[in-house]
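One structure is given below, encoded as structure tokens.
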Amino acid sequence: MSELSKEKLLEAYRMMRTIRDFEERVHDEFAKGGIPGFVHLYAGEEASATGICMHLTDQDRIVSTHRGHGHCIAKGVDVIGMMAEIYGKQTGTCHGKGGSMHIADLDKGMLGANGIVGGGPPLICGVGLTHKMRGTDGVGIAFFGDGASNQGTTLESMNLATVWNLPCIFVVENNGYAEATSSEWAVSCDNYADRAAGFGMPGTTVDGHDFFAVYETAGEAIARARAGGGPSLVEVKLNRYFGHFEGDAQTYRRADEVKQLREEKDCLKIFRKRVVDANLLEHSDLDKIDEEVAALIDEAVQQAEAASPPAVEELLTHVYVNY
Amino acid sequence: MSELSKEKLLEAYRMMRTIRDFEERVHDEFAKGGIPGFVHLYAGEEASATGICMHLTDQDRIVSTHRGHGHCIAKGVDVIGMMAEIYGKQTGTCHGKGGSMHIADLDKGMLGANGIVGGGPPLICGVGLTHKMRGTDGVGIAFFGDGASNQGTTLESMNLATVWNLPCIFVVENNGYAEATSSEWAVSCDNYADRAAGFGMPGTTVDGHDFFAVYETAGEAIARARAGGGPSLVEVKLNRYFGHFEGDAQTYRRADEVKQLREEKDCLKIFRKRVVDANLLEHSDLDKIDEEVAALIDEAVQQAEAASPPAVEELLTHVYVNY
Amino acid sequence: MARKITYQQAINEALDQEMTRDESVIVMGEDVVGGSGGHGEMDAWGGVLGLTKGLYAKHGNRIMDTPITESGYIGAAVGAATCGMRPVAELMFIDFMGVCLDQIYNQAAKFRYMFGGKAKTPVVIRAMYGAGFSAAAQHSQALYSIFTHIPGLKVVLPSSPYDAKGLLIQAIRDDDPVIFLEHKVLYTLEGEVPEEPYTVPFGEANVVREGDDVTIVAFGRMVLHATGVADKLAKEGIKCEVIDPRTTSPLDDESILESIENTGRLVVVDESNPRCSMASDIAELAVTRAFEHLKAPVKTVTAPHTPVPFAKSLEDAYIPSPEKIEAAIRSIA
Amino acid sequence: MARKITYQQAINEALDQEMTRDESVIVMGEDVVGGSGGHGEMDAWGGVLGLTKGLYAKHGNRIMDTPITESGYIGAAVGAATCGMRPVAELMFIDFMGVCLDQIYNQAAKFRYMFGGKAKTPVVIRAMYGAGFSAAAQHSQALYSIFTHIPGLKVVLPSSPYDAKGLLIQAIRDDDPVIFLEHKVLYTLEGEVPEEPYTVPFGEANVVREGDDVTIVAFGRMVLHATGVADKLAKEGIKCEVIDPRTTSPLDDESILESIENTGRLVVVDESNPRCSMASDIAELAVTRAFEHLKAPVKTVTAPHTPVPFAKSLEDAYIPSPEKIEAAIRSIA
Ligand SMILES: Cc1ncc(C[n+]2csc(CCOP(=O)(O)OP(=O)(O)O)c2C)c(N)n1
Ligand SMILES: Cc1ncc(C[n+]2csc(CCOP(=O)(O)OP(=O)(O)O)c2C)c(N)n1
Ligand SMILES: [Mg+2]
Ligand SMILES: [Mg+2]
């Protein structure tokens with residue numbers, strides 16, 4: 001905790017707060033009927049994306065999942081463009097052609113949310129390979145869920161990363177569920193570290209509600225990768241506040257599960273308490289961020305609502321490089 | 001060793017000898033130009049198929065690989081039909097429509113050699129599931145190579161088998177190579193048991209040149225599965241005598257590697273010495289089998305050569321159940 | 001036959017009745033029970049859209065959740081089918097076939113042939129397909145042309161609740177591997193469906209409208225668009241014959257050829273991408289086997305050669321519309 | 001231009017020259033080096049048929065073996081392409097696409113569109129295809145129709161050593177994902193190939209023979225069969241125009257239409273299975289866009305709707321033969 005400058009701490013809080021407010025707002029606007037398609041929210045999991053991406057620069061790349069908003073924000077994708085994308089507008093990050101499940105911004109090192117569970121891990125091997133061949137110290141991070149951790153594409157990518165000794169980190173965000181199915185049931189190992197061992201890489205489990213724990217664990221794995229020490233697996237244990245997707249009644253959870261989580265396992269509250277108690281930041285510093293973020297999200301929604309949908313001609317563009 | 005009756009010992013030897021002679025002969029006939037297509041030989045690995053399949057009945061099913069002749073013979077597929085199949089004749093096990101890579105005989109519990117590396121493990125989960133749902137004590141055995149052990153289909157099947165608690169055994173026949181690539185390089189774990197742990201199942205390594213070792217280890221895993229104890233991984237360490245496929249010059253191996261293996265790691269020689277030294281069988285018992293098998297293989301080749309190819313009308317049969 | 005239920009209910013009912021009739025019918029897929037291992041309801045979901053809801057309560061462990069491991073469990077369904085089970089495996093979205101296609105096309109589809117007739121593989125793979133839900137490029141595709149291309153598979157595209165039930169029962173009883181594709185926009189469509197079990201045979205087209213002027217062959221959801229347009233044009237005296245092949249493999253080529261022989265004019269309406277598609281396939285049928293009867297160019301109305309876009313403005317332009325179908329008909333009528 | 005080399009050597013040379021020209025070109029696949037981690041020669045194989053032999057000696061770690069993990073390394077190639085590399089990934093046999101299709105069709109093919117034009121994915125996936133080697137049902141397929149169906153991919157089918165080299169260099173320099181399919185029977189085919197690098201553009205058909213009587217559109221290996229038949233019939237005065245589209249996506253529809261306008265007669269020769277195939281695709285082109293010019297039914301000569309059989313007697317009957325092509329031409333000439 002102490003190694004982080006005040007500036008960095010503020011940045012971390014702002015990132016987490018931005019993700020939280022973005023998601024809460026998307027939840028509300030979806031309920032009002034303003035947002036089309038399938039939307040999967042990251043609220044509750046902010047410390048993971050933030051604790052990891054704080055270590056990264058634009059040359060480092062991540063791949064994400066269907067639950068990608070948090071990773072995008074943490075990787076620096078413009079929030080105004082993201083909101084417009086989710087609304088399906090021409091001003092969106094992908095001109096409204098991708099939507100929530102396909103937000104990408106390669107300049108920021110964000111290689112895409114992904115609608116295919118297990119779609120990202122193979123791609124990250126290519127990111128790692130590129131860094132390795134070019135001799136940079138860049139890394140690739142694959143975020144994926146506990147459900148995706150059983151997909152063959154994920155598992156074989158871990159083997160490949162070790163065999164090729166790639167600077168890749170495999171981050172399992174274990175939020176306890178894949179859709180309605182419990183990870184305790186669907187994942188055959190008690191501990192993800194066991195799976196890491198089977199693929200010749202270190203594996204660590206970390207409390208995903210604790211920004212500092214994530215930050216430190218990820219920092220070690222990333223530093224090792226940058227130094228040529230190869231891939232790692234990091235299991236981040238955390239929880240999602242909303243349903244699998246918007247519209248999910250969540251009857252597969254204990255009735256009070258989410259309420260309790262919001263009270264006891266809120267990474268923002270935990271962070272605030274820690275930094276204020278340690279006299280690193282004041283409440284007022286954080287309140288100011290809260291206000292700024294609230295204004296930003298308002299602005300994003302307003303702009304998204306006001307923007308035009310893509311013109312029909314856009315249907316036939318971006319299929320190939322020449323059209 | 002002592003638990004096996006004389007009859008069983010003779011059966012084991014006959015099985016291994018039949019596989020060896022079959023493969024040596026296919027090698028010779030292929031070189032002469034009599035056999036079409038891609039052919040992968042199992043010579044050197046006989047103790048694995050035999051030590052495992054000796055535990056099985058027709059209701060137990062196996063899935064095999066491109067290197068499937070040994071598994072077929074051990075599972076009781078008719079050798080005359082197999083040879084004819086490899087020659088592409090109407091009298092073949094599959095009427096000449098499958099060839100070496102697709103020999104199957106479901107009545108014998110042989111669900112097919114497979115041209116797709118990693119093709120078999122998912123299928124065996126279905127075999128195990130059927131036994132489980134029907135309440136039989138039958139099991140399913142997936143044979144696959146060290147190369148196939150990295151395929152996502154294989155890995156995710158192991159997870160599925162544990163989650164569903166299926167009576168399935170995953171047998172990695174680690175012959176040190178996938179085509180020309182060393183398993184030491186391509187497999188990220190030092191020990192397959194590590195990989196088993198990551199999928200919540202017991203994993204054991206066994207010397208695949210020692211019939212008795214394979215027989216015992218497999219016996220335990222199979223008994224556990226029959227009793228409802230779920231899947232296991234068994235790594236059988238062994239060697240192939242021929243190239244990856246017929247025509248392979250094998251320059252990726254040490255020049256004298258195969259010669260040395262034939263001298264020191266011949267499961268037939270090792271078996272013979274063990275049973276004769278222990279006074280369980282006499283040389284003459286085994287010599288007699290050698291002669292009988294030699295005659296059988298001669299007969300198989302003669303019949304295969306004499307048989308007719310499938311008639312052109314067969315092109316359009318067996319596509320669907322009604323044609 | 002007065003009872004009306006939805007397409008979705010019809011599918012649920014077909015599964016329920018077949019599971020009741022035959023012990024060997026089992027159902028598997030991600031969240032088809034929907035709550036395994038959790039602390040709440042065991043069958044909370046009953047499928048991502050609630051389609052299999054209720055089956056767990058009735059049939060217990062014969063319907064089962066799976067980890068996210070499509071090669072694994074689709075392969076398991078295929079393997080179990082060779083052992084005499086009749087598994088119905090749900091792939092959720094057909095777009096996910098890319099992670100498990102091998103088990104479908106190299107294994108299930110080819111066993112019988114490769115094994116010289118020695119295997120039967122009565123597996124059904126159910127999945128939703130199609131655009132219209134703003135589900136974007138990886139959850140909206142109409143990939144039936146690819147499955148139709150593959151020998152050994154049967155491919156079913158029900159366009160009504162009646163057909164959905166009867167074709168699914170047929171699929172389950174069929175001894176070959178069947179790809180059963182449900183258009184997600186049709187799930188809420190209501191129609192008359194008999195309560196008792198019945199089958200709709202494969203390879204028998206449904207002539208939805210009769211007419212002598214133009215033959216329209218349409219698939220899945222497009223049957224509804226085509227029928228709407230046909231009804232509109234009928235008022236102007238343009239009589240369209242609307243043919244719903246119901247299964248693209250096997251295909252009832254005779255019914256289509258007969259109609260073309262009568263009308264001499266053909267429009268094919270296909271939601272899939274245009275290249276090597278069902279639209280191509282039917283156009284080929286016409287020009288190779290009914291050429292003498294053709295009085296005008298064949299017209300195809302398909303999605304463009306692009307992925308499915310997210311924004312509604314673009315998705316609407318992507319899906320073949322009644323307007324485009326009408327224009328195609330008028331251009332040759 | 002007198003130097004003759006084989007189709008296989010032409011491909012090796014294209015890889016070698018592009019790797020020399022551009023540091024970002026890398027090659028990966030199972031045993032493309034062929035000896036990693038062993039105790040013998042590091043590059044013992046150079047590909048399962050020796051095609052990439054010699055590249056390791058020249059280019060070192062820019063050509064790399066992979067574990068058997070097609071989703072993993074094809075995906076890695078795709079990911080690296082988005083980072084500015086130009087990976088050429090070998091899939092060995094195109095039949096293996098079933099274990100990695102998602103990375104090709106949902107990822108590589110759709111990135112640019114889904115991301116609103118923000119990605120370039122210059123990856124080449126090379127694989128062998130086709131029957132004729134007694135390699136049976138899982139190692140002999142001609143799956144190009146499936147890839148042609150998918151928007152975002154380009155699909156290349158060289159039929160000569162000259163085209164193999166020029167099209168592969170084009171594929172590597174192209175900024176879109178390319179499926180490059182080599183017919184295994186053609187590897188030993190010799191032809192004149194310039195030593196220096198050159199490109200053959202995509203979407204430009206090769207008119208292999210000119211003629212006014214019948215248009216023959218043929219793909220890959222079938223171009224050779226078609227040309228042989230055309231030469232034979234020319235002696236009888238039946239003048240066939242043989243068109244090799246070279247790439248099925250993009251397709252040079254203009255050249256084909258022009259020829260049909262001239263001849264009024266079309267035969268399509270396609271080694272793939274018939275349903276939703278390139279044969280269908282070209283037949284559709286004719287009947288939708290050149291109908292007025294057609295003087296006879298279109299004829300297609302394809303493999304049957306069956307898996308590829310093993311026995312030579314059956315495989316010979318499976319592959320479209322010169323005899324069948326000739327009969328098709330005569331039936332409409
Ligand atoms: C290949 C594939 N299979 C299934 C799905 C449907 N699906 C989308 S998200 C999801 C659950 C993913 O669970 P997990 O990986 O734990 O991520 P989480 O949603 O918990 O963040 C499933 C099954 C899909 N999109 N792709
Ligand atoms: C999906 C797939 N990828 C690649 C191949 C090509 N291939 C056939 S056998 C083989 C090596 C298999 O090695 P291993 O699993 O160790 O079995 P072994 O040959 O040693 O018995 C490869 C790469 C294939 N048939 N299928
Ligand atoms: Mg999860
Ligand atoms: Mg091996």
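Below, chains carry the letters A, B, ... as their sequence lines are ordered, and counting in each starts from 1.
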### Task
Measure from the ring center of F245(B) to the ring center of W45(D) and say whether it is less than 6.0 Å.
yes
### Task
Under 4.5 Å heavy-atom distance to chain D, tell me which part of R253(B) shows up: side chain, backbone, both or neither.
backbone
## Note on the structure
Closest non-hydrogen contact found for Q103(D) with Q107(D) is O-CB, 3.3 Å
#### Entry: D65(D) side chain to V32(D) backbone, donor-acceptor under 3.5 Å
yes
### Message
Pairing donors with acceptors under 3.5 angstrom, does anything connect the side chains of H183(D) and E271(D)?
### Response
yes
### Query
Does the distance from a Lys or Arg side-chain N to an Asp or Glu carboxylate O, for K259(B) and E263(B), drop under 4.0 Å?
yes
### Query
So which part of N114(B) gets closer than 4.5 Å to some heavy atom of chain D, the side chain, the backbone, both or neither?
both
### Query
Can we call the ring centroids of H69(B) and F22(B) under 6.0 Å apart?
yes
### Message
If you count heavy-atom pairs within less than 4.5 Å of chain B, which of G38(D), C100(D), S36(D) leads?
### Response
S36(D)
### Query
Which bit of V48(D) is near chain B, if near means a heavy-atom gap under 4.5 Å: side chain, backbone, both or neither?
both
### Query
Is the distance between the ring centroids of H102(B) and H66(B) under 6.0 Å?
no
### Message
Is there a side-chain contact between T300(D) and D270(D) in this structure, where contact means two heavy atoms from C-beta onward sitting under 4.5 Å apart?
### Response
no
### Message
Against Y177(B), only a single residue in W185(B), F242(B), Y252(B) fulfils ring-ring contact (aromatic ring centres under 6.0 Å, His included); can you say which?
### Response
Y252(B)
### Query
Relative to chain B, which segment of S71(D) carries a heavy atom at a distance below 4.5 Å: side chain, backbone, both, or neither?
neither
### E45(B)/R240(B) ion pair, N-O < 4.0 Å
no
### Task
Assess the side chains of E190(D) and Q9(D): does a donor N or O sit below 3.5 Å from an acceptor N or O?
no
### Query
Taking Q250(B), Q151(B), H244(B), K89(B) one by one, which has the highest count of heavy-atom pairs under 4.5 Å against chain D?
Q151(B)
### Query
Is the shortest distance from a Lys or Arg side-chain nitrogen in R25(B) or E305(B) to a carboxylate oxygen in the other one below 4.0 Å?
no
### Query
Just by distance, with hydrogens left out, do D31(D) and T181(B) show a side-chain donor and acceptor under 3.5 Å apart?
yes
### Task
Go through P310(B), A186(B), A311(B) and name the one with the most non-hydrogen pairs under 4.5 angstrom from chain D.
P310(B)
### Query
Between S313(D), A135(D), P309(D), which has the largest tally of heavy atom pairs under 4.5 Å with chain B?
S313(D)
### Query
Which residues in residues 136-146 of chain D have a heavy atom less than 4.5 Å from any heavy atom of chain B?
A136(D), A137(D), Q138(D), H139(D)
#### Entry: Residue-level interface, residues 27-42 of chain B with chain D, non-hydrogen cut-off under 4.5 Å
P36(B), G37(B), F38(B)
### Task
Answer with side chain, backbone, both or neither: which region of H318(B) has an atom nearer than 4.5 Å to a non-hydrogen atom of chain D?
neither
## Note on the structure
Counting heavy-atom pairs under 4.5 Å with chain D, the top scorer among G147(B), S100(B), P309(B) is G147(B)
### Message
Quick check: do V268(D) and V301(D) have side-chain heavy atoms less than 4.5 Å from each other?
### Response
no
### Audit row: D316(D), K312(D), salt bridge (Lys or Arg N to Asp or Glu O under 4.0 Å) steps and yes/no
CA-CA 6 Å; D316(D) 286 348; K312(D) 191 149 176 28; 3.0 Å; yes
### Part of E315(D) lying under 4.5 Å from any heavy atom of chain B
neither
